[in-house]
*Asks:* 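Pasting in a structure now, in structure tokens, and then I'll have a few things to ask.
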Amino acid sequence: MSAPAITPVFVRLKLSLLRNGLRQSGGRKAAYITSAVFALLFAALQLIGLIALRGHAHAESVVVPAAAVVGLGWAVMPLFFPSGDETLDPTRLVMLPLRPRPLVRALLTASLVGIGPLFTLCLLVGSVVAVARGGAAFAVAVVAVVLALLVCVALARAVAAANVRLLTSRKGRDLAVLSGLVIAIGAQIVNFGAQRLGASGLGELDPAAEVLQWVPPASAIGAVHAVSEGSYGLAVAQLALSAGALVALLALWSRHLTRLMTSPDGSTLPSAESAAKERSSTGLARLLPSGRTGTVMDRSLRYIWRDPKTKAAWVTSLAIGLIVPVFNAWQGTGSVYFACFAAGMLGIQMYNQFGQDTSAFWMVAMTISSARDAYVELRARAYALLLITLPYATLVTVLTTAMLGDWQRLPEALGLSFALLGAMLATGAWTSARFPYSIPQEGYKNVAPGQTGLAWISIFGGMMAAALLCAPVIALTIWLNVSADGDDWTWLLLPAGTAYGALLAAAGLKLAAPRTARRLPEILAAVSKG
């Protein structure tokens, strides 16, 4: 008696996972439907845009790199979002009597269900329509689309299977931190590339397309163009390359599945040597002040280094704070004042200070019995932030100034950055006590359900207040730059901005401390909600 087919079972399992996930909460269902609508709308517009390229001299130079970028996205997505799809973790099936080959077929088919595969299918269809000319080309296009889609899905599965032990461990989840950095850098690269293409035309992509047409899954799209040009031998070679890549990926996937199903998991067990080293290491703590201030600073810095959510926020802020001024300066369209973006991005980390502690805040609350205790707590957290922000903001400002060669404006740019940072420390301390909200530890949400309004008020309201508090320094900067002999006095903006920012920060901490001490029960309830 033959074993029943498991592929339909896995397809139904994937559909059940999607359906049951949407039943968990109305907010999750609304978020999923909204993201699906936007993704499908973008896919439809992308499909129309690619079809519009049909007949263009450089259509191949667009669609081949696009297919390569999509393949790269499928490869890195499991690393950055390991919990995005529950079926990416084959260790959940270890106790079932399943053989690798049927399991690979079933999982591959189930992987074709979802928004991602549909989005990729639309892009691939638009790509082949853009370059296909003639009946033979369209016949090859059908094979090319299927091959390219299967290569993308198999690539994601092989990467996930090869790294599943790491991705499901606590330290492995820190890989998701890189997603913010990649998105930030990628957005700026796309922006820069779009500007270059707008100025020079699509011919700029020809060299990249010549190389990428031999890289699966882009080679399958290149095969369609080759048939359209009458190069049948080239098309066969490119299709064979994609087919070979698919076979290799499936074999690699099957091999990793076999090892996962039959070997124990020791990846998350630290060695005794590393554990002893962790216990004996004091690191930066020896350089921090004694007493409560040093203890709080040490705790805050450990959160930045160890907590995935906190680390992700810091990495993203550090990346964007550097990329925006530097990329604009690189393109020759920037200004030294863009360097204030670095101080602004890191100043945001002062907001919702207690929400970063989540339910562990009760241990902090136990040590606060007066406004003085609250003041020392907030001041130490601000010190920990300044320990990173001050040298970072200075470095970004100097780098931006050097790229622009506008050294005369360095003092005023630094003064504005320090004033903005002080204002954000002041408003961040106050909103942390007045509008605390919880940050869920699981998943990728940064706000607990029902607290979105609090987050908006805390962050954007605080940022607007910080901008208003910086108005005197901004006005002084404008006045000195427009006055006849003001250039001789712009250097005063550095000490003036620094002193003003320090006064704002001290005043904000003093005002926030009594409110923090009075509202400890409310803060604890708010930050523990998620």
*Asks:* Kindly check if the number of other-residue, nucleotide or ligand heavy atoms within 6.0 Å of CH2 (Trp407) is above 12?
*Replies:* yes
*Asks:* Donor-acceptor check, side chain of Arg381 to backbone of Gln353, threshold 3.5 angstrom: yes or no?
*Replies:* yes
*Asks:* Quick one: do Thr367 and Arg292 satisfy side-chain contact (heavy atoms from CB on, under 4.5 Å)? Show the steps, please.
*Replies:* CA-CA 10 Å; Thr367 67; Arg292 180 176 186 130; 3.0 Å; yes
*Asks:* Let me know which of Phe361, Tyr303, Phe435 forms a ring pair (Phe, Tyr, Trp, His ring centres under 6.0 Å) with Phe354.
*Replies:* Phe361
*Asks:* Could you measure the distance from the CD1 atom of Ile523 to the CZ atom of Arg434? Nearest 0.5 Å is fine.
*Replies:* 10.5 Å
*Asks:* Would you indicate whether the side-chain heavy atoms of Arg299 and Val364 approach each other to under 4.5 Å?
*Replies:*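 SC-SC contact between Val364 and Arg299 confirmed.
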*Asks:* Quick one, Trp430 with Leu509, criterion side-chain contact (heavy atoms from CB on, under 4.5 Å). Give me CA distance, side-chain angles, the key distance, then yes/no.
*Replies:* CA-CA 7 Å; Trp430 190 85; Leu509 294 173; over 6 Å; no
*Asks:* Within the 4.5 Å heavy-atom criterion, are Leu421 and Leu386 side-chain neighbours or not?
*Replies:* yes
*Asks:* Would you say Thr516 and Tyr375 make side-chain contact, with heavy atoms under 4.5 Å?
*Replies:*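 A side-chain contact under 4.5 Å is absent here.
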*Asks:* Looking only at heavy atoms, which two atoms of Cys470 and Ala419 are closest? And how far apart?
*Replies:* SG-O, 3.6 Å
*Asks:* Return yes if a side-chain donor-acceptor contact under 3.5 Å exists between Thr490 and Gln408, otherwise no.
*Replies:*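 The criterion, which ignores hydrogens and geometry beyond distance, is not satisfied for Gln408 and Thr490.
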*Asks:* For Val215 and Val211, which heavy atoms make the closest approach, and how far apart are they?
*Replies:* CG2-O, 3.9 Å
*Asks:* Going by heavy atoms in the side chains, are Leu346 and Trp314 under 4.5 Å from each other?
*Replies:* yes
*Asks:* Side-chain contact, heavy-atom cut-off 4.5 Å: Leu480 with Trp491?
*Replies:*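 When only atoms from C-beta onward are counted, Trp491 and Leu480 do not touch, as no gap falls below 4.5 Å.
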*Asks:* Less than 4.5 Å apart, side chain to side chain, heavy atoms only: is that true for Met424 and Ile348?
*Replies:*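 They are in side-chain contact.
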*Asks:* If you look at every heavy atom in Ser432 and Asn352, which pair is closest and at what distance?
*Replies:* OG-N, 3.0 Å
*Asks:* Look up atom CE in Met464 and atom CG in Leu469, then write down how far apart they are to the nearest 0.5 Å.
*Replies:* 12.0 Å
*Asks:* What's the separation between atom CG in Leu420 and atom CZ in Phe341, rounded to the nearest 0.5 Å?
*Replies:* 10.5 Å
*Asks:* Do Thr401 and Arg409 pass the side chain to side chain donor-acceptor pair (under 3.5 Å) test, and can you show the C-alpha distance, the side-chain angles, and the key distance before you say yes or no?
*Replies:* CA-CA 8 Å; Thr401 305; Arg409 302 198 183 278; over 6 Å; no
*Asks:* Testing the basics here: between Ala329 and Thr400, what is the closest heavy-atom pair and its distance to 0.1 Å?
*Replies:*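 What the structure gives for the nearest pair is CB-CG2, 4.3 Å.
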*Asks:* Testing the basics here: between Lys311 and Ile304, what is the closest heavy-atom pair and its distance to 0.1 Å?
*Replies:*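 The answer is CB-O, 3.3 Å.
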*Asks:* Is there a side-chain contact between Glu412 and Tyr337, using heavy atoms and a 4.5 Å cut-off?
*Replies:* yes
*Asks:* Nearest 0.5 angstrom please: Leu288 CG to Thr293 OG1, how far?
*Replies:*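 Between atom CG of Leu288 and atom OG1 of Thr293 there are 10.0 Å.
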*Asks:* Any chance you could lay out the side-chain contact (heavy atoms from CB on, under 4.5 Å) test for Tyr500 and Phe418, step after step, and finish with the verdict?
*Replies:* CA-CA 8 Å; Tyr500 185 72; Phe418 294 157; over 6 Å; no
*Asks:* CG/Leu493 to CG/Leu414 distance, rounded to the nearest 0.5 angstrom?
*Replies:* 11.0 Å
*Asks:* Can you confirm whether Cys340 sits close enough to Leu416 that some side-chain heavy atom of one is under 4.5 Å from a side-chain heavy atom of the other?
*Replies:* yes
*Asks:* Hey, could you give me the CG/CZ distance between Leu425 and Arg379, rounded to the nearest 0.5 Å?
*Replies:*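 Going from CG on Leu425 over to CZ on Arg379, the span is 13.5 Å.
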*Asks:* Any idea which heavy atoms bring Ala467 and Ile474 closest together, and the distance?
*Replies:* O-CD1, 4.5 Å
*Asks:* Evaluate the side-chain contact (heavy atoms from CB on, under 4.5 Å) criterion for residues Ile459 and Tyr437: first the C-alpha distance (whole Å), next the side-chain angles of each, then the deciding distance (0.1 Å), finally the verdict.
*Replies:* CA-CA 11 Å; Ile459 297 176; Tyr437 58 90; 3.4 Å; yes
*Asks:* Keeping the roles fixed (side chain from Thr295, backbone from Gly291), state whether a donor-acceptor pair exists under 3.5 Å.
*Replies:*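 Checking the backbone N and O of Gly291 against the side chain of Thr295, a donor-acceptor pair under 3.5 Å is found.
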*Asks:* Between Asp373 (side chain only) and Ser369 (backbone N and O only), is there a donor and an acceptor less than 3.5 Å apart?
*Replies:* yes
